[in-house]
Every structure is written in C-alpha cells, then in structure tokens.
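Bear in mind that the values here come from a model prediction, so they are computed numbers and not experimental data. Numbers for residues simply follow the sequence, beginning at 1.
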Amino acid sequence: MPVLHIHMLSGKTPEQKKAMVKSVTEAIVKSIEVEAEKITIFIKEFEKEDIGKAGLLYNELDTRCPGSS
C-alpha cells in the first residue's frame, strides 16, 4: 500500500492537483505494478513565508532573484 506525501507551495488550482494526483498514481501503478486503489497521496501546501532556502524565506527569494519561484 504505497503512501505518498507531496509537499509544495500553495497556489495550484484543484484541477492542477487532480491532474498531478492522476499522473503520479499512473506512474506508481506502472513502475511497481500495484493497483491504483491501494495508493494514497497526501498533499501538504505551504505559503512562501513558511519555507526557507539558502538562509532566506521563499517570499524573500522572490524579491532578490527573479525567476526563483
């Protein structure tokens, strides 16, 4: 019973998340030959001020490095 945890920045639409879950499920089914019904995916979304990288918060990276988001 595969259980996947996907951590990502918030802001994706429900349609985008649905497409991601479908694609990830299909990849797991194909790669380890398990039934889709046995796969559980948890999506945890974070705001940019809740993630740090290189000593800065992501919202700070946006202002210092164009294209960093």
Mind checking whether [X] and [Y] have side chains closer than 4.5 Å, heavy atoms only?
X	Y	answer
Met20	Lys12	no
Ile51	His7	no
Val21	Ile6	no

Should [X] and [Y] be regarded as members of a common hydrophobic cluster, given that ILVMFWY residues are connected when their side-chain heavy atoms come within less than 4.5 Å of each other, either directly or indirectly?
X	Y	result
Leu4	Ile32	yes
Val24	Ile43	yes
Phe46	Met8	no

* Asked: Does a sphere of radius 6.0 Å around CD in Glu33 hold more than 12 heavy atoms from other residues, nucleotides or ligands, not counting ones at 6.0 Å or beyond?
  ->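 Not buried by this count: 12 neighbours or fewer within 6.0 Å.
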* Asked: In this structure, are over 12 heavy atoms from other groups packed under 6.0 Å from Glu49 atom CD?
  ->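 Yes, because the 6.0 Å sphere around CD of Glu49 holds more than 12 heavy atoms from other groups.
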* About how many Å separate CD1 of Ile39 and CD of Glu26, when rounded to the nearest 0.5 Å? ->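 Atom-to-atom, Glu26:CD and Ile39:CD1 are 10.0 Å apart.
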* Asked: When rounded to the nearest 0.5 angstrom, what is the spacing between CG in Leu9 and CG in Asn59?
  ->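 Output value for this atom pair is 10.5 Å.
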For [X] and [Y], work out which heavy atoms get closest and say how close.
X	Y	value
Leu61	Lys53	CD1-CB, 3.8 Å
Val3	His5	CG1-NE2, 3.8 Å
Glu47	Ser10	OE2-OG, 2.9 Å

